[in-house]
S.K.: 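Here it is, the structure in full.
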Number of protein chains: 2
Amino acid sequence: MGRKTRMISDRPTLADVAQEAGVSAITVSRTIRSPEIVSERARRKVEAAIERLGYTPDPAASALASRTTSTIGLLVPSLTNNVFADVLRGVYEGVESTRFFVQIGNYRYSALHEEGLIRNFLSQKPAGLIVSSTDQTPEGRRLLETAPCPVVQIMDLRDGAVDMSVGFDQVAAVRKAAQHLLDCGYRRPGFLSARMDPRAQRRLNGFRDFAAANGVLGEDRIITTPQPSSVGMGGHLLEQLFSQAPDTDAVLCNNDDLAVGALMEAKRRHVAVPEQLGICSYNDIEMSRHMVPALTAVATPRREIGQRAIEMLLAEIAERGSVRDRHLDLGSELMIRESTRRA
Amino acid sequence: MGRKTRMISDRPTLADVAQEAGVSAITVSRTIRSPEIVSERARRKVEAAIERLGYTPDPAASALASRTTSTIGLLVPSLTNNVFADVLRGVYEGVESTRFFVQIGNYRYSALHEEGLIRNFLSQKPAGLIVSSTDQTPEGRRLLETAPCPVVQIMDLRDGAVDMSVGFDQVAAVRKAAQHLLDCGYRRPGFLSARMDPRAQRRLNGFRDFAAANGVLGEDRIITTPQPSSVGMGGHLLEQLFSQAPDTDAVLCNNDDLAVGALMEAKRRHVAVPEQLGICSYNDIEMSRHMVPALTAVATPRREIGQRAIEMLLAEIAERGSVRDRHLDLGSELMIRESTRRA
DNA sequence: ACAGAAAATGATTGCGCTGTCATTTTTCGT
DNA sequence: ACGAAAAATGACAGCGCAATCATTTTCTGT
């Protein structure tokens, strides 16, 4: 329905502002998007008109006309997992005070769901995309490869990244933790892991290889479950570990929830930590260092990953191909605390 | 630039599908949006054409033409806070298998930032909006009141909700917890709170009123900080509490992070819980019940809030005015565990 | 003061879709 | 088998903005 007369309730448009300011619509558009190419005089008139009318641009119209948006898509496998909460914080800090805003997609550890989200996000013509793994479906990967916007893959660092990547060597991090247990004199280390997504699986494999190479591998000390990770699950897994391998003297947990749960279960069983059981955690979220005893952990650079990812993305959006180092290894750091410190 | 010949790389449009299927564009549009009003024959042709061309609708064009989107905005004050992670989960479960998708905005406990996000979200013509408080700025509130879409305010339950609301009585919940401490025989209860956003402030006030009414109020046992809540902060606050009121015999923590931190600090100080110090937590996230000793807590219905909020919103989007009970009180439940159970 | 370059501004058109209303086809009762 | 009602389909225009290219204004050096 073509409506010549504008109803009062309608939001003002560019044209309204233009008329109010006595300039053309395109000048208003330019005043908003690149004020530096508009004369001082026009800019002031337009800004005043925008103020008077309470004008807000319509992102849909802008997206349609320009074929792009100010949206940055961020795909994470979980919102409950504190690991990604930290990544998010890093990302948010980086978009702050830019014209971009972040849209989060939660694919709940389902690659298929992730593929759907990639398709959905791309249909919205985002300015850029951050994805939390390198484990896309083949079709998901193809979509990323042919995406018309820059893409950053975070967390892992693996061959054949689609465009850019920021992360650290997860296997090296696990190895570092396992080595530490050996250094502390533990000889029968176990491994606890939940969820068993591809990344968890790779870490487990890293542990297996390391343990085997050092002659301390015991398959009955490796306890996993496909269920989600939680503090309660950490307790259950430790329980299972002790029932099938009572001689276990240390345990490497695939994340902090499990480690805290294991610590509590040890306490309930009156198993002394670190004397009878060493506990080493992975990620090192805030709570771990405040446990009693404080948990030794491999700290992963989650927040920095978020920061660097958004940094690279924004640079690449500003000018395609401008980012030199397209693959950043941020490393990991072993935080030695009481839970493995035995006399 | 009008381009008559379509470049290969371009995404197919409705018109392309229409031509491929031998129908008009509007029929394709209808096949996608309301297949029931299209004939079996046409629908099949269109679906085949969509499949062949790999067509994906352009949401920007759709938004522009129809003046609405399938986006549901969800404003939360924090993504780190597990409380909102649970709410999110409830919401996500509800939009699953609908045509809607959730866009999250994080205003980091800043009402001003929240106002900006409300404005930004509204400019995108969302189908509905969920906001996590009743503490908007006056302008933020005005925006919500005049929003052209349904709005649900969650968590709190207060007079003068803008449109719909789901939550529980936070003050009643605090009172329940405080009453429990008295019932257990604790007579000098303290209160620990961080962040001190308006909601935390109201809970503190609730505690004050209750304690005063029961003759157990001690202002020096109320320890707060404007800094964010964390496990470490729980330890610090307890430390401060003991230094300025050593006779404190119980502590009500404004959330689980603080409670866990307080528990650990008590352990470090060799203060026996629950004998010398009772600890009661607020919210009851998963980890609390697995601590040693397990933490007594007022469980808040976070996930259910998310579920009910999205339920109401979707019903209201489907048909304005169709929701009967526009203000739901989901209550709270005291979970009594070891941290307050003394002989 | 003037030509030429640079800066500022504007007219036009189309992005891809859906609302509206008109037209065609099908269905149904008698 | 016929007309009326209902169902299905289509033509057209416009949503609000930005890309393009043309035009006007301002600035520069001599």
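Just so it is clear, the values below take in all heavy atoms, side chains as well, and ignore hydrogens, waters and symmetry mates. In the text below, chain A, chain B and the rest are named by the order of the sequence lines, each starting its count at 1.
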S.K.: For the residue pair B:T134 and B:R158, confirm or rule out a side-chain donor-acceptor distance under 3.5 Å.
M.R.: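 B:R158 and B:T134 do have a side-chain donor-acceptor pair below 3.5 Å.
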S.K.: Output the rounded distance in Å from NZ (A:K125) to C1' (C:dC17).
M.R.: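 Between C1' of C:dC17 and NZ of A:K125: 10 Å.
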S.K.: For B:D163, which residues count as a salt bridge (charged side-chain N to carboxylate O under 4.0 Å, His left out) partner, sequence neighbours excluded?
M.R.: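 Once residues adjacent in sequence are excluded, the partners of B:D163 under the salt bridge (charged side-chain N to carboxylate O under 4.0 Å, His left out) criterion are B:R326.
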S.K.: Any side-chain heavy-atom pair from A:R199 and A:Y109 closer than 4.5 angstrom?
M.R.: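 No, side chains not in contact.
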S.K.: Output yes when B:E145 and B:R141 qualify as a salt bridge under the 4.0 Å nitrogen-oxygen rule, no when they do not.
M.R.: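 Between B:R141 and B:E145 there is a salt bridge, with a charged N closer than 4.0 Å to a carboxylate O.
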S.K.: Please check: side-chain N/O of B:D86 versus main-chain N/O of B:V83, any donor-acceptor pairing under 3.5 Å?
M.R.: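 A pair under 3.5 Å: no.
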S.K.: Please map the stems of DNA chain C, keeping only stretches of three or more Watson-Crick or G-U wobble pairs with both distances under 3.5 angstrom.
M.R.: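 In DNA chain C, stems of three or more pairs: C:1-30 with D:1-30.
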S.K.: Looking across every strand, which nucleic acid part, if any, lies under 4.0 Å from B:L64 by heavy atom: base, sugar-phosphate, or nothing?
M.R.: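 Answer is base: heavy atoms of B:L64 come under 4.0 Å of a base.
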S.K.: Counting side-chain heavy atoms from CB outward, which of C:dG16, D:dA18, C:dT18 is closest to B:S62?
M.R.: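 So the nucleotide nearest the side chain must be C:dT18.
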S.K.: Please, which pairs that meet salt bridge (Lys or Arg N to Asp or Glu O under 4.0 Å) have at least one residue in residues 17-37 of chain A, sequence neighbours excluded?
M.R.: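 For residues 17-37 of chain A: A:E20-A:R52.
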S.K.: Take the protein atom CD of A:Q19 and the nucleotide atom C1' of D:dG16, then report the distance between them rounded to whole Å.
M.R.: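 Value for this atom pair: 15 Å.
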S.K.: What string of B, S and - do you get for nucleotides 7-12 of chain C, 5' to 3', when a contact is any protein heavy atom under 4.0 Å?
M.R.: -SBB--
S.K.: A:L14 CG to D:dC15 P: how many Å, rounded?
M.R.: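 Distance, rounded to whole Å: 13 Å.
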S.K.: Measure the distance from CG on B:L53 to P on C:dG16 and round it to the nearest whole Å.
M.R.: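 Going from CG in B:L53 over to P in C:dG16 covers 14 Å.
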S.K.: Give the rounded distance in Å between these two atoms: CZ of B:R33 and C1' of C:dG16.
M.R.: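 My rounded result for the distance is 12 Å.
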S.K.: Sequence neighbours left out, what passes salt bridge (charged side-chain N to carboxylate O under 4.0 Å, His left out) with A:E139? Give chain and number order.
M.R.: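 By the salt bridge (charged side-chain N to carboxylate O under 4.0 Å, His left out) rule, A:E139 matches A:R119, A:R142.
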S.K.: Rounded to whole angstrom units, what separation is found between the CG atom of A:D58 and the C1' atom of D:dG14?
M.R.: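 Result: 13 Å.
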S.K.: Salt bridge (Lys or Arg N to Asp or Glu O under 4.0 Å): which pairs involve residues 101-114 of chain B, sequence neighbours left out?
M.R.: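 As it turns out, the salt bridge (Lys or Arg N to Asp or Glu O under 4.0 Å) pairs with a partner in residues 101-114 of chain B, which skip direct neighbours, are A:E96-B:R108.
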S.K.: To the nearest Å, give me how far apart CD1 (A:I50) and P (D:dG16) are.
M.R.: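 Distance check: A:I50 CD1 to D:dG16 P gives 16 Å.
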S.K.: Are B:R11 and B:D58 close enough for a salt bridge, meaning some N to O gap below 4.0 Å?
M.R.: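 Answer for the salt bridge query: no.
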